Chemist: 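Just passing along the structure, written as structure tokens.
Everything numeric here is computed off the predicted structure, so don't read it as measured data. Order of the sequence lines sets the chain letters (A, B, ...), proteins ahead of strands, with each chain counted from 1. What's counted below: heavy atoms across the whole structure, side chains too, no hydrogens, waters or symmetry copies.
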Number of protein chains: 2
Amino acid sequence: MSSSGDSMAQADDKGASRDTGTLGKLMVLLDLVTHADVPLRFTDILALANQPRGTLHRQLGHLVEEGLLELDAEGRYAPGLRLLDFASRSWARNEFRLIAAPHLAALHRETGETVHLGVLRGSSIIYLDKVEGHQPVRMYSQIGNASPCYCTGVGKAALSVLPRDKIEELLPGLHFNRFTSATHVNAESLLAEIREIAAAGHAFDREEHEAGIHCVAAPIWSDDRSFIGGVSVTGPAYRLSMELLQEWVVPVQVTARKIMDEMRIRLGPRR
Amino acid sequence: MSSSGDSMAQADDKGASRDTGTLGKLMVLLDLVTHADVPLRFTDILALANQPRGTLHRQLGHLVEEGLLELDAEGRYAPGLRLLDFASRSWARNEFRLIAAPHLAALHRETGETVHLGVLRGSSIIYLDKVEGHQPVRMYSQIGNASPCYCTGVGKAALSVLPRDKIEELLPGLHFNRFTSATHVNAESLLAEIREIAAAGHAFDREEHEAGIHCVAAPIWSDDRSFIGGVSVTGPAYRLSMELLQEWVVPVQVTARKIMDEMRIRLGPRR
DNA sequence: AATTAAGTTCCAAATAGTGGAATAAATAGC
DNA sequence: GCTATTTATTCCACTATTTGGAACTTAATT
């Protein structure tokens with residue numbers, strides 16, 4: 001549940017809003033309401049969205065009518081459940097996840113720790129799958145979550161295989177949020193580590209996103225780098241010592257390799 | 001995984017499209033692409049959407065740019081991963097689910113079978129949670145899925161507490177899809193069973209949606225009936241005999257009752 | 001190389017969105 | 001219980017976006 005409230009994991013570039021006309025304006029609103037962690041009243045949204053009252057009112061009305069937002073009896077707006085239906089289909093059909101699933105399970109068996117699969121979207125990592133120990137997992141608590149790329153193992157691994165020009169496009173747009181004392185807070189230190197990761201072929205996260213959580217990750221990419229993600233093994237710092245993290249480097253890399261090999265076969269080599 | 005491909009679980013009423021202007025048109029497209037079970041090419045969508053080429057092209061472009069759809073190198077459109085981020089937030093914050101979760105777990109412990117929690121949205125049941133045995137659940141395979149109301153235990157239980165006028169609004173819009181030989185295929189037989197269910201306070205599903213699957217469900221509703229859902233225990237027909245189903249009726253009803261009581265406390269009595 | 005199909009761009013006309021202001025409804029204060 | 005104040009909703013002349021037919025470009029096929 002904890003990491004669910006990461007105050008701001010920008011799902012994509014912010015500033016220069018994309019030119020998607022009416023849709024773009026509505027998506028900004030949807031983002032605003034879904035990223036808040038309590039239902040918002042009309043006036044709250046009015047303040048955040050700076051738009052004229054009339055306009056905002058109609059826009060919210062449309063979003064509600066489409067089931068993307070829900071309006072309760074007390075006049076508060078919350079994310080709508082239609083989003084779940086869309087998402088379940090998006091997830092069920094995702095080819096990358098389907099290919100990776102058995103390899104994640106194998107890695108989980110080998111390490112006994114939680115395994116994550118993530119994809120780079122804009123400057124965020126979207127978690128696509130998770131294999132966790134023992135009890136039934138509250139999956140939505142992690143899957144689908146967008147987390148920043150600069151403070152997660154998968155994120156930093158992904159950045160390490162991003163072409164130079166794409167990195168330079170992305171860096172200026174980052175808003176560094178100091179989650180812990182170990183979080184990167186500027187592009188320079190991040191870039192320096194990215195270079196080390198690129199050379200080593202694996203990334204660590206030592207309590208950069210969440211206190212007490214360690215992680216080791218390896219990147220996954222398509223030949224043309226149009227697709228970039230990563231796989232990681234995560235666990236509590238007291239259990240995943242530096243020695244143990246080091247020990248999982250190869251298994252994680254091997255898993256990433258196997259997934260990439262299978263992608264090349266199933267999705268064709270060029271991409 | 002199986003029920004994930006239910007060819008058509010209409011997420012809401014079809015025919016008379018709601019008046020949500022530009023957004024409505026785009027949502028129809030998004031629905032179209034997410035409900036297909038393979039990625040669609042431009043021409044495929046052109047045929048399904050009957051819209052002019054130019055218009056469709058721009059609309060798809062906007063959806064892609066916003067991350068709601070993804071366009072691969074071969075020119076095929078698939079659901080976008082941004083949908084996952086929205087959904088994970090929608091799910092994580094859903095109060096009904098949060099309230100129900102411990103009661104579902106208790107029911108699972110008592111019965112040892114799979115427990116589902118669903119909400120009525122339009123003429124579909126959207127599954128909000130699932131507690132399943134043993135191994136880590138592939139949650140998205142069921143959670144978030146929209147299934148028809150007329151052939152699921154939760155769906156029929158929900159209909160049984162829907163006010164008369166709402167039922168009559170809903171029935172004509174239903175498209176009965178014969179999933180098995182036991183599926184209701186017309187409003188009359190459905191309505192007759194709904195009345196029995198209303199009197200009894202519980203619903204059975206005996207292989208109406210999926211062959212070999214039995215289920216017993218009880219409705220959950222807010223005082224003003226603005227919110228309607230249900231809880232169910234599901235399992236293979238060979239194990240859940242008619243006798244055993246009968247035996248779970250009370251536990252399922254008690255669970256529903258407890259959830260409703262807690263909703264009244266936490267969300268206020270009127271709704 | 002020619003032919004067909006698939007995808008992309010263009011722009012005047014039609015439509016839908018905008019935003020300020022007025023109205024209505026709900027809350028709080030007296 | 002009435003008034004003041006905050007909050008939410010409706011209205012409509014003005015403006016911006018969407019529309020859709022056709023022309024154009026690119027890729028695949030014969």
Chemist: For A/Thr22 and A/Gly54, take the nucleotide of DNA chain D holding the closest heavy atom to each; which residue's nucleotide lies nearer the 5' end?
Modeler: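 The answer here is A/Gly54.
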Chemist: Between B/Ile45 (CD1) and C/dG7 (C1'), how many Å, whole number?
Modeler: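 After rounding, the gap between these two atoms is 12 Å.
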Chemist: Using atom CZ of A/Arg58 as one end and atom P of D/dT17 as the other, report the distance to the nearest whole Å.
Modeler: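 After rounding, the gap between these two atoms is 13 Å.
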Chemist: The side chain of B/Thr43 lies closest to which of these nucleotides: D/dT18, D/dG20, C/dG7?
Modeler: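 Looking only at side-chain atoms, B/Thr43 lies closest to C/dG7.
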Chemist: Looking at the side chain of A/Lys25, which of D/dT17, C/dA6, D/dT9 is the nearest nucleotide?
Modeler: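 My answer, after comparing the listed nucleotides, is D/dT17.
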Chemist: Only one of B/His57, B/Arg53, B/Gln51 forms a side-chain contact (heavy atoms from CB on, under 4.5 Å) with B/Thr55, so which one is it?
Modeler: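 Answer after filtering B/His57, B/Arg53, B/Gln51: B/Gln51.
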Chemist: For B/Asp261 and B/Arg264: C-alpha separation, side-chain torsions, deciding distance, then whether salt bridge (charged side-chain N to carboxylate O under 4.0 Å, His left out) applies.
Modeler: CA-CA 5 Å; B/Asp261 288 345; B/Arg264 214 167 275 117; 3.5 Å; yes
Chemist: The side chain of B/His57 lies closest to which of these nucleotides: C/dT9, D/dT19, D/dG20?
Modeler: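 Per side-chain heavy atoms of B/His57, the pick is C/dT9.
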Chemist: May I ask you to check whether over 12 heavy atoms, not counting those of A/Glu262, lie within 6.0 Å of atom CD?
Modeler: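 Yes - once you tally the heavy atoms of other residues, nucleotides and ligands closer than 6.0 Å, there are more than 12.
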Chemist: Could you state the CD-C1' distance from B/Gln59 to C/dT9, rounded to the nearest angstrom?
Modeler: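 It works out to 16 Å between those atoms.
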Chemist: Specify the separation, in whole Å, of atom CD of B/Glu74 and atom C1' of C/dA6.
Modeler: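 Value for this atom pair: 15 Å.
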Chemist: Near B/Glu168 CD, under 6.0 Å, is it more than 12 heavy atoms from other residues, nucleotides or ligands?
Modeler: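 Yes, CD of B/Glu168 has more than 12 neighbouring heavy atoms, counting only those of other groups under 6.0 Å.
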Chemist: So does B/Thr55 reach the base of D/dG20 with its side chain, donor to acceptor, closer than 3.5 Å?
Modeler: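 Counting by modelled atom types and ignoring angles, a donor-acceptor contact under 3.5 Å is found here.
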Chemist: Which part of the nucleic acid, if any, lies within contact of B/Arg41, taking any heavy atom under 4.0 Å across all strands shown: a base, the sugar-phosphate backbone alone, or nothing?
Modeler: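 The answer is sugar-phosphate, as B/Arg41 gets under 4.0 Å only of primed atoms, P, OP1 or OP2.
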Chemist: If we count only N and O atoms by modelled type, under 3.5 Å, do the side chains of B/Glu65 and A/Thr20 hold a donor and an acceptor together?
Modeler: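 No.
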Chemist: Has the side chain of B/Arg53 got a donor or acceptor that lies under 3.5 Å from a partner of the other kind on the base of D/dG20?
Modeler: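 Counting by modelled atom types and ignoring angles, no donor-acceptor contact under 3.5 Å is found here.
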Chemist: Taking CG from A/Leu56 and C1' from C/dG20, how many angstroms apart are they, rounded to a whole number?
Modeler: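 Going from CG in A/Leu56 over to C1' in C/dG20 covers 15 Å.
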Chemist: Let me know the distance between CG of B/Leu46 and P of C/dG7, rounded to the nearest Å.
Modeler: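 One finds 9 Å between P of C/dG7 and CG of B/Leu46, rounded.
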Chemist: Roughly how many Å is it from CG in B/Leu23 to P in C/dG17, rounded to a whole number?
Modeler: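 These atoms are roughly 9 Å apart.
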Chemist: Ignoring the backbone of A/Phe42, work out which of C/dG19, D/dT9, D/dT19 is nearest its side chain.
Modeler: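 The closest nucleotide is D/dT9.
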Chemist: Mind calculating the distance between NE2 (B/His62) and C1' (D/dT19) to the nearest angstrom?
Modeler: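 It works out to 12 Å between those atoms.
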